[in-house]
Chemist: 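The structure follows.
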Amino acid sequence: MADGAAGAMQARVSAEEWRTRVDLAALYRLVALNGWDDMIFTHISARVPGPEHHFLINPYGWYFEEMTASSLVKVDLEGNIVDQTDSFINPAGFTIHSAVHAAREDAKFVMHLHTVAGVGVAAQKEGLLPLGQNACLLQHQVAYHGYEGLALNHEERERLVADLGDKPLMLLRNHGTLAVGETAAQAWVGMFFLERACAQQIAALSAGRDGVLMAPDAAQAETKEQGRGVGFISALAWPGALRMLDRKSPGYDA
């Protein structure tokens with residue numbers, strides 16, 4: 001529970017911002033529990049409720065398993081820190097996340113990872129293949145963006161959001177995965193399915209490209225329609241994810 005510095009933070013922000021902070025810290029902890037973190041790199045961000053278009057992101061140098069609601073850094077769309085803190089942010093994280101938050105009103109939460117499986121599939125010419133149920137559910141929801149090096153060039157933002165369009169998921173070529181959502185739950189479930197699909201593809205392709213069985217076209221079409229219910233699934237899965245954090249990684253809400 002919040003106390004000390006956490007209590008002071010909670011007292012000076014709105015109830016809506018505090019709820020967003022708790023949900024965002026939970027996403028960081030869930031990524032760490034799944035082994036999807038990349039030391040102090042990659043980022044998850046959330047838009048702060050209100051007209052200012054501020055968003056929250058991790059303090060650079062913290063491991064994801066350490067993240068708490070009160071430790072998150074609030075910045076504006078120019079990357080300026082707008083709340084008192086001794087921490088600073090990774091400029092590469094600001095480039096990607098500010099681009100998506102500015103362009104997409106529905107992108108309240110933005111997740112970006114560098115997992116082994118995610119980068120592996122992002123580096124494959126054919127991208128995500130219909131090899132399993134997870135991929136069939138998501139294929140039509142995945143956008144692609146070409147690799148341009150470390151995301152430090154602000155001019156890349158326009159190209160990235162153009163490639164993302166209105167889709168909730170993206171494979172950043174040679175780089176990693178990205179998921180957006182109206183809620184933390186939607187971003188989490190989308191990323192979970194995408195990362196699971198990538199891991200399954202890496203495993204299946206160990207048999208070689210000619211040795212794998214693609215899902216039948218009719219089944220792909222049927223699963224595409226069934227995949228439209230991800231919002232319902234996320235609402236079911238998120239409370240359980242928080243209960244798991246309370247058991248395995250308590251303190252994220254401090």
Side-chain angles (χ1 to χ4, degrees), residues 27-28 31-32 34-46 55 57-58 60-61 63-64 75 77-79 88-104 106-107 109-132 134-135 137-181 187-188 190-206 208-209 212:
L27 286 174
Y28 277 101
V31 166
N34 278 270
W36 293 345
D37 46 344
D38 185 17
M39 200 167 69
I40 62 172
F41 308 106
T42 80
H43 318 276
I44 314 170
S45 61
F55 65 94
I57 200 164
N58 54 307
Y60 200 19
Y63 278 65
F64 283 19
V75 299
L77 285 175
E78 300 304 317
F88 61 101
I89 67 168
N90 183 342
F94 164 74
T95 301
I96 292 173
H97 291 256
S98 64
V100 179
H101 283 299
R104 291 272 298 271
D106 63 323
F109 290 82
V110 180
M111 302 182 69
H112 169 48
L113 305 179
H114 296 162
T115 66
V116 174
V119 175
V121 173
Q124 294 175 3
K125 290 181 180 180
E126 294 179 283
L128 188 65
L129 297 170
L131 297 175
N134 293 97
L137 286 167
L138 298 181
Q139 252 196 329
H140 64 291
Q141 301 181 39
V142 179
Y144 294 83
H145 174 64
Y147 187 52
E148 300 188 24
L150 292 176
L152 297 172
N153 182 1
H154 286 189
E155 294 179 1
E156 184 182 355
R157 292 187 290 187
E158 183 176 344
R159 295 184 289 274
L160 188 148
V161 298
D163 288 338
L164 180 61
D166 62 357
K167 294 185 176 180
L169 302 169
M170 174 177 271
L171 284 172
L172 298 132
R173 292 295 196 177
N174 311 99
H175 187 172
T177 52
L178 184 136
V180 307
W188 170 247
M191 181 62 83
F192 184 89
F193 281 1
L194 179 57
E195 286 289 342
R196 182 61 59 89
C198 288
Q200 291 163 350
Q201 180 163 323
I202 295 297
L205 289 181
S206 66
R209 180 63 174 77
V212 298

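Keep in mind the model is a prediction, meaning the values are calculated, not measured.
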Chemist: Strictly distance-based, threshold 3.5 Å: is any side-chain N or O of Arg173 a donor or acceptor partner for the main-chain N or O of Lys125?
Modeler: yes

Chemist: Aromatic rings Trp36 and Trp188: how do their planes relate, parallel, tilted or perpendicular, breaks at 30° and 60°?
Modeler: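 Taking Trp188 first and then Trp36, their aromatic rings sit tilted (interplane angle of 30° to 60°).
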
Chemist: What are the two closest heavy atoms between Gly61 and Ile40, and how far apart are they?
Modeler: O-CG2, 3.5 Å

Chemist: Provide the closest heavy-atom pair for Phe55 versus Ser45 in the form atom of the first, atom of the second, distance.
Modeler: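 Closest pair (atom of Phe55, atom of Ser45, distance): CD1-CB, 3.9 Å.
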
Chemist: Starting from the C-alpha separation in whole Å, work towards a yes-or-no answer on side chain to side chain contact (heavy atoms under 4.5 Å, CB included) for Arg209 and Leu129.
Modeler: CA-CA 11 Å; Arg209 180 63 174 77; Leu129 297 170; 4.2 Å; yes

Chemist: Where the side chain of Arg104 meets the backbone of Gly165, is there a donor-acceptor pair that is under 3.5 Å apart?
Modeler: yes

Chemist: Would the number of heavy atoms belonging to other residues, nucleotides or ligands and lying under 6.0 Å from CG of Asp166 be above 12?
Modeler: no

Chemist: Give the minimum heavy-atom separation between Pro130 and Ala135, together with the two atoms involved.
Modeler: CA-CB, 4.3 Å

Chemist: Indicate the atoms forming the closest heavy-atom contact of Asn134 with Ala197, along with that distance.
Modeler: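 Heavy-atom minimum between the residues: CB-CB, 3.8 Å.
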
Chemist: Do Thr177 and Leu169 make a side-chain contact, defined as non-hydrogen atoms from C-beta onward lying under 4.5 Å apart?
Modeler: no

Chemist: Say you draw a straight line from NE2 of His97 to CD1 of Ile57; how long is it, rounded to the nearest 0.5 Å?
Modeler: 5.0 Å

Chemist: If I compare all heavy atoms of Arg157 with all of Ser98, which pair ends up nearest, and what's the gap?
Modeler: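 In this case the closest contact between Arg157 and Ser98 is NH1-OG, 3.1 Å.
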
Chemist: Measure the CG-CG distance between Asn90 and Asn58 for me, rounded to the nearest 0.5 Å.
Modeler: 7.5 Å

Chemist: Got a second to check how far Thr115's OG1 is from Asn34's CG, nearest 0.5 Å?
Modeler: 10.5 Å

Chemist: Can any side-chain N or O of Tyr144 pair as donor or acceptor with the backbone N or O of Gly127 at less than 3.5 Å?
Modeler: no

Chemist: Nearest 0.5 Å please: distance from the CD1 atom of Ile96 over to the NE2 atom of His43.
Modeler: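 Here the interatomic distance stands at 6.5 Å.
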
Chemist: May I ask you to test the Val142-Lys167 pair for a side-chain heavy-atom distance under 4.5 Å?
Modeler: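 Sidechains of Lys167 and Val142: no contact.
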
Chemist: If you measure from CZ on Phe41 to CZ on Phe64, what distance do you get to the nearest 0.5 Å?
Modeler: 10.5 Å

Chemist: Apply side chain to side chain contact (heavy atoms under 4.5 Å, CB included) to residues His112 and Val100 and explain how you reach the verdict.
Modeler: CA-CA 11 Å; His112 169 48; Val100 179; over 6 Å; no

Chemist: Does the side chain of His175 pick up a donor-acceptor pair with the side chain of His145 at under 3.5 Å?
Modeler: no

Chemist: Can you tell me how far the CD atom of Gln200 sits from the CG atom of Leu205, to the nearest 0.5 Å?
Modeler: 11.5 Å

Chemist: Any heavy-atom pair between the side chains of Thr42 and Asp37 that's under 4.5 Å?
Modeler: no

Chemist: Tell me the closest heavy-atom pair linking Gln139 and Leu128, and the distance in Å.
Modeler: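 Answer, listing the atom of Gln139 first, then Leu128: NE2-O, 2.9 Å.
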
Chemist: Would you mind reporting whether Leu160 and Leu172 have side-chain heavy atoms less than 4.5 Å apart?
Modeler: yes

Chemist: Answer yes or no: is there a donor N or O on one side and an acceptor on the other, between the side chain of Gln201 and the main chain of Leu131, under 3.5 Å?
Modeler: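 Judged by distance alone, no pair lies under 3.5 Å.
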
Chemist: Does CZ belonging to Arg196 count more than 12 external heavy atoms closer than 6.0 Å?
Modeler: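 No - once you tally the heavy atoms of other residues, nucleotides and ligands closer than 6.0 Å, there are 12 at most.
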
Chemist: A side-chain contact here means heavy atoms from C-beta on lying under 4.5 Å apart; do Met191 and Leu113 qualify?
Modeler: yes

